Amino acid sequence: MNQEIERRRTFAIISHPDAGKTTLTEKFLLFGGQIQVAGAVKSNKIKKTATSDWMDIEKQRGISVSTSVMEFDYTPPSEGQEEAYKVNILDTPGHQDFAEDTYRTLTAVDSAIIVVDGAKGVEAQTRKLMNVCRMRNTPVIIFINKMDREGRDPFDLLDELENELEIKVRPLSWPINQGAKFKGVYNIYEQKLDLFTPDKQRVTEKVEVDINDAAVLADFVGEQNAEKLLEDLELIDGVYPPFDVETYRSAEVAPVFFGSALNNFGVQELLNCFVEIAPSPRPTKAEERMVEPEEPKFTGFIFKITANIDPNHRSCIAFCKVCSGKFVRNQPYLHVRQGKTLRFSSPTQFMAQRKSTIEEAWPGDIVGLPDNGIFKIGDTLTEGEQLHFRGLPSFSPEMFKYIENDDPMKSKQLQKGIDQLMDEGVAQLFINQFNGRKIIGTVGQLQFEVIQYRLENEYNARCRWEPVHLYKACWIEADDEKELEAFKKRKYQYMAKDKEGRDVFLADSGYVLQMAQQDFENIRFHFTSEF
């Protein structure tokens, strides 16, 4: 069992939109032998879209709107590794409108790779995601992408990473020039020179070179570049302490790699180093106790639900992260929240949309379980123990609209579509207690478009949006039932229920919310709801 746990690497790839996250995922899959040709996310010449973007709306817009899960076996070329590493990648949406999906995904991984655009540096979404990693002490590796385009000075980028992401960095590879003059990188970790020839599908050549011999180095990269590289390396050794795996695993230091994901450059070096140094599955915190991966009994939690992976079958899949023990097909497991015992006859593992049935899974693996409405995000499965994994937040939405049926003949389909999409955690549903109308709350405008598109394409139901002027939704609770009732009576026009039946106060302005908090001191207003 320990050997199975040791060879697992479960991680998320995160970044601001357009930094090259999905392209990097594609290249990893290429090295894992899962795909023969990597698809560009936006390219008119290659008609193939990225493997991890499988929803129609993702292919049209060239963005990821849902986290996709992929797994493959990988053996680094040089190491004496007898058994392949089992790599589980979660490619997350970068677009801020889908940030909630990404935050939840980060609860299910043991480490993360942050992709940073070499020209733009650290962007807003990268900062937010790093905060989530920091809250959970998740180790990160940073990949500075697009070195084959004109960008910023590498040392400036390193300073910016340290300041903006509030983490120490240590370069493990170093670029030789950039943009049109980009010659390659020197791999500090392996002490090899990687020379650059632009090619989207093939891997570039590696050269073993004595780094202290300037003449030999100049033969490969030119005299000027050789001098600059030697100066830079000397400076790196002077400024940054030697790389130590433990400081990386304890999330104190972030190793940095340079390359070009689109041209497949620097990617294999990143993957080789990653599988070697990244942590295998780590203990998971439950409300009752710490759960160690080596425990013999199975535990796992649901961190994501996706409807309609297969459009021919209107089915949902719940993604379960295995935390301890061994998951076995057809074994009875306890669904803690419902107190029911369930068996799964067709658990699956994923290659984006392609899925295959599995017999067993180990800690760190992500298993797809068929879901006919029994799961919610945050549910725990065990072999009988009452455990509750926590830390799957749902944030208070920032945009609100009434959702109305646009085709009276299809009200059942619309209802089913809304229920399933809300269970996925795409957005939040509130039912206004005053007029009974349904309000959808989201983090960003794009989510409304995605909901409308998916309702029409997947459920054959048409909806229309109507404006509603709201500032904030907050969950309310109080120890004194009378005071809660008095509040609900006084604010009855602004009271709603969420899909769990909890009381939600819909404030139409910041002033109204402030006054409500002042007038009712004993009522607690929550801006996140833990599932």
Side-chain angles (χ1 to χ4, degrees), residues 100 305 337-338 373 375-379 392-408 410-445 447-448 451-452 455 459 461-531:
E100 203 153 311
I305 295 170
R337 180 175 55 84
Q338 292 191 339
F375 287 119
K376 287 183 183 154
I377 288 172
D379 278 351
L392 293 169
S394 184
F395 298 89
S396 173
E398 292 169 20
M399 303 178 100
F400 303 87
K401 286 183 182 179
Y402 283 124
I403 186 167
E404 296 295 343
N405 188 356
D406 210 25
D407 182 351
K410 297 280 171 64
S411 56
K412 254 175 138 172
Q413 285 92 322
L414 183 73
Q415 188 52 50
K416 184 177 181 197
I418 292 174
D419 284 349
Q420 283 198 350
L421 292 180
M422 295 307 123
D423 280 344
E424 271 192 37
V426 172
Q428 292 177 57
L429 173 70
F430 304 107
I431 294 169
N432 191 318
Q433 297 299 285
F434 175 61
N435 56 20
R437 291 179 75 182
K438 290 182 178 141
I439 297 170
I440 300 282
T442 68
V443 187
Q445 176 58 36
Q447 278 165 299
F448 291 118
I451 291 168
Q452 193 165 12
L455 283 171
Y459 298 93
R462 290 215 310 275
C463 74
R464 67 174 189 277
W465 302 109
E466 289 189 9
V468 52
H469 179 70
L470 289 175
Y471 163 71
K472 205 75 167 150
C474 36
W475 289 267
I476 57 167
E477 58 172 5
D479 297 328
D480 182 351
E481 201 59 41
K482 279 186 186 160
E483 187 155 2
L484 196 59
E485 285 309 312
F487 178 84
K488 282 155 75 170
K489 264 194 183 135
R490 194 159 130 195
K491 301 282 183 191
Y492 72 103
Q493 277 177 292
Y494 300 109
M495 288 310 298
K497 296 265 188 206
D498 69 2
K499 71 178 200 313
E500 312 294 326
R502 294 176 293 199
D503 289 317
V504 180
F505 171 50
L506 303 171
D508 60 347
S509 73
Y511 175 70
V512 167
L513 178 59
Q514 211 176 342
M515 292 311 293
Q517 285 172 311
Q518 272 175 21
D519 296 348
F520 292 86
E521 286 176 0
N522 297 330
I523 286 182
R524 294 186 291 281
F525 293 80
H526 299 288
F527 297 100
T528 60
S529 79
E530 290 269 326
F531 277 121

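What you see is a predicted model; the values in this text were computed from it and never measured.
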Flag if over 12 foreign heavy atoms under 6.0 Å of CD, Glu521: no
Would one find more than 12 heavy atoms of other residues, nucleotides or ligands at under 6.0 Å from atom OH of Tyr494?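 Not more than 12 within 6.0 Å, no.
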[atom1] of [X] to [atom2] of [Y]: how many Å apart, nearest 0.5 Å?
X      : Y      : atom1 : atom2 : result
Tyr459 : Lys410 : OH    : NZ    : 15.0 Å
Ile440 : Leu421 : CD1   : CG    : 8.5 Å
Gln493 : Leu506 : CD    : CG    : 11.5 Å
Arg462 : Leu414 : CZ    : CG    : 11.0 Å
Cys463 : Leu455 : SG    : CG    : 5.0 Å
Ile403 : Glu466 : CD1   : CD    : 11.0 Å

Under a 4.0 Å N-O cut-off, is there an ion pair linking [X] with [Y]?
X      : Y      : answer
Asp419 : Lys499 : no
Arg490 : Asp519 : yes
Glu477 : Arg502 : no
Lys482 : Glu485 : no

Shortest non-hydrogen separation from [X] to [Y] and the atoms involved:
X      : Y      : answer
Gly441 : Ala427 : O-CB, 3.4 Å
Arg524 : Asp479 : NH2-OD1, 3.2 Å
Asp379 : Arg337 : OD1-NE, 2.8 Å
Gln433 : Ile431 : NE2-O, 3.1 Å
Phe525 : Cys474 : CD2-SG, 3.8 Å
Phe430 : Ala496 : CB-CB, 4.1 Å

The test is side chain to side chain contact (heavy atoms under 4.5 Å, CB included); show your working for Tyr471 and Val512 and say whether it passes. CA-CA 9 Å; Tyr471 163 71; Val512 167; over 6 Å; no
Would Phe487 and Phe505 count as a ring-ring contact (aromatic ring centres under 6.0 Å, His included) here? Give the steps. CA-CA 10 Å; Phe487 178 84; Phe505 171 50; 5.2 Å; yes
With side chains defined as the heavy atoms from C-beta onward, is the minimum distance between [X] and [Y] less than 4.5 Å?
X      : Y      : value
Lys497 : Asp503 : yes
Glu404 : Trp465 : no
Lys438 : Tyr402 : no
Phe434 : Met495 : no

Under 3.5 Å, is there a donor on one side chain and an acceptor on the other for Lys376 and Gln338? no
Distance-only donor-acceptor check, side chains Trp475 and Asp498, under 3.5 Å: yes
